Visitor: 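Dropping the structure in here first, questions after.
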Amino acid sequence: MENRRLFTFLMTSLLFMILWTQFIGPKFFPPEKKKPKAVEPQAVNATADPQKAEQPEAADPNTPADLNAPATPSAEFTIPDYQSEALTLGSVDPASGYALAVDLTSVGAAIESVRLTSPHFRDMEDETRQARIVGNNPTSDRTFSTAFAGIDQQLQKTGQTLETVHWKLAGTEQNEKGSSATFEYQAPDQSLIVRKTYSLPRLDLTGTALEKAWREDASFYTLQVAIEMTNLSDKPTTVEYEIQGPVGVLLENEEHTSKYRDIHIEFMDGTKGVTTAASAVKKFADAIEVEEEHPLSQKELFDRLREDQEWTSPFRYAGVDVQFFAALIAPLDNRAEEVRTDVSTRWIERTFPVLITPDQVEPRKSDVSVRMASNPVALQAKGEGDSVTHKFAFFVGPKRRELLDPAPMEAGDVLNYGMFGFVARGMHFLLDTFYGWGMPYFLAIISLTVLVRGCMFPISRKQAISAARMKELQPKLAELKEKFGDDREKMAKAQMELWRKHNINPVGGCLPLFLQMPIFIGLYTALNSAV
């Protein structure tokens, strides 16, 4: 009988949690979006359509140049022809001192893929390979490809953009502290040069120290990306750019996972964080195409999502997560907070969702990402102040609280602990503690379960005693029903008197049940999210 009650309680709790997370929560507590009060700058059109580009007015020689303005038809440009390059920062060798292996390509000076080094993270389909967390998409989209509208305008006659052409590999470096690679691209009119540098840290650790770093050192999983913009002309100018967020984040065990790709963003100005599921982005795209009454190209869809579904509050991090892994981007801006968050001086003016690969059968399995559009960046004339660098941290790794909590991400909400998060976080801490004592995970899970049941024993015992007493009174309750018949008022009064006489609290059996519910849900959530 007791086992039946426990099983019923567990099933009821599970059903309630599913209803809350899938239906009640999203419907009655939808994520908020906050728009800045100031007038927003015009968003960058990263892949401008040459047939729709507006012709510029006659330029005033006394005004600053604008590299985002379309090039004049009479201008003669030399399109750089850089060779194809591919290289890897880091290694999948556990003895290398790296936590990541980052495959870079000269196409867009972008990230082709990111794999984890730790032997704990193998590919589920081929255990001889390390898990690839980023870059599992079949499309040509690449993480951290960067668009400059002014350069794209100059490349339009080739049918390419800055995200599809080869950049020049300007240099590589490797030492005991890590490795780095720098790509550069010079605008065809030689007015601007853009450099993009990727830097991956290395730790000179072995054995248990290395194992501990894999579990707890967030910097070990963080790639630093610096975008340097240098004005080569004799006039001041402004530029704008867009960054493509993580693409092809690993959707592991599709048939049995409880979580699919979600876009996660947390803001710096107090705006409530946003979680947008892949199915929601697919709905956004479908609604736009229904409104337009015809299918849209990816560029057209990007433009509409940029205007219709943007987030314009300054973000602390933005990225994509799945059940056990996350890929997040955060600006590394050391200026004062009021400067970093001001609508006119912050680096990123808006962030918006993008649909990389739609899944028409199961929209929740669609591949989604984010793009970040910058504010105008002012560059002085060639000489002093002609160069500006924006740096970003790119975290790719397992969803552990030790890795997500530290700055600059502070992304504890990515763990998806739900409404009883404080309980689940405590359970997760205990699980990690048991594992840190040398227990294998199966034994750590058993120990956690025994500990939870042991701590709840007094409540369970009280509930069982109350249930036993109620069972003993069943014959007397039957007598009262027979005595008072349909007179409910007298029956209720007699029943309360009987309970008082035998010192029984009528809610004594229900109250312990509700006290246990957060514990059981927290335990389930912790085990479900623990990588």
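Worth saying up front: this structure is predicted, and the values here are computed from it rather than measured.
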Visitor: Tell me if the NZ atom of K365 is crowded by more than 12 foreign heavy atoms within 6.0 Å.
Guide: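 For K365, atom NZ is crowded (more than 12 foreign heavy atoms under 6.0 Å).
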Visitor: Does R364 come within less than 4.0 Å of E362, counting only side-chain N to carboxylate O?
Guide: yes
Visitor: Report yes or no: does D367 contribute a side-chain atom to a donor-acceptor pair with the main-chain N or O of I356 at less than 3.5 Å?
Guide: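 Checking the backbone N and O of I356 against the side chain of D367, no donor-acceptor pair under 3.5 Å is found.
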Visitor: With sequence neighbours left out, which residue pairs that include part of residues 316-360 fulfil the ring pair (Phe, Tyr, Trp, His ring centres under 6.0 Å) condition?
Guide: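 Of all non-adjacent pairs touching residues 316-360, those that pass ring pair (Phe, Tyr, Trp, His ring centres under 6.0 Å) are F121-F325, W347-H390, W347-F392.
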Visitor: State whether a side-chain donor-acceptor pair under 3.5 Å links H294 with E300.
Guide: no
Visitor: Answer yes if the side chains of E252 and T257 hold a donor-acceptor pair under 3.5 Å, and no otherwise.
Guide: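 There is no such pair (donor and acceptor under 3.5 Å, judged by atom type) between the side chains of E252 and T257.
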Visitor: Check the angle between the aromatic planes of F394 and F144 and answer parallel, tilted or perpendicular using the 30° and 60° thresholds.
Guide: perpendicular
Visitor: Kindly give the heavy-atom pair with the smallest separation between E127 and R122, and that separation in Å.
Guide: O-CD, 3.3 Å
Visitor: So that I can tick it off, tell me whether K299 and D303 are bridged by a salt bridge, with the cut-off set at under 4.0 angstrom between side-chain N and carboxylate O.
Guide: yes
Visitor: Roughly how far, to the nearest 0.5 Å, is the CG atom of L451 from the SG atom of C455?
Guide: 4.5 Å
Visitor: Would you please name every residue forming a side-chain hydrogen bond (donor to acceptor under 3.5 Å, both in side chains) with Q360, sequence neighbours left out?
Guide: K282
Visitor: A side-chain contact here means heavy atoms from C-beta on lying under 4.5 Å apart; do V452 and M427 qualify?
Guide: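 A side-chain contact under 4.5 Å exists here.
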Visitor: Name the one of V249, L415, D262 that satisfies side chain to side chain contact (heavy atoms under 4.5 Å, CB included) with D321?
Guide: D262
Visitor: Considering residues, nucleotides and ligands other than D126, do more than 12 of their heavy atoms fall under 6.0 Å from its CG?
Guide: yes
Visitor: Tell me, yes or no, whether the heavy-atom count around F457 atom CZ, taken from other residues, nucleotides or ligands under 6.0 Å, exceeds 12.
Guide: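 No.
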Visitor: To the closest 0.5 Å, what do you measure between CD (E242) and CE (M372)?
Guide: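 Result: 9.5 Å between the selected atoms.
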Visitor: OG1/T357 to CG/N136 distance, rounded to the nearest 0.5 angstrom?
Guide: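 Nearest 0.5 Å value for the OG1-CG distance: 11.0 Å.
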Visitor: S366 and D359: side-chain donor and acceptor closer than 3.5 Å?
Guide: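 Side-chain D/A pair, S366 to D359: absent.
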Visitor: Any luck finding a side-chain donor-acceptor pair between S91 and D93 under 3.5 Å?
Guide: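 No, because no side-chain N or O of S91 sits under 3.5 Å from a partner of the opposite role on D93.
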Visitor: Using side-chain hydrogen bond (donor to acceptor under 3.5 Å, both in side chains) as the criterion, list what pairs up with E289, not counting sequence neighbours.
Guide: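 With sequence neighbours excluded, E289 shows a side-chain hydrogen bond (donor to acceptor under 3.5 Å, both in side chains) to no residue whatsoever.
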Visitor: Quick one, V531 and K399 - any side-chain contact, counting heavy atoms below 4.5 Å?
Guide: no
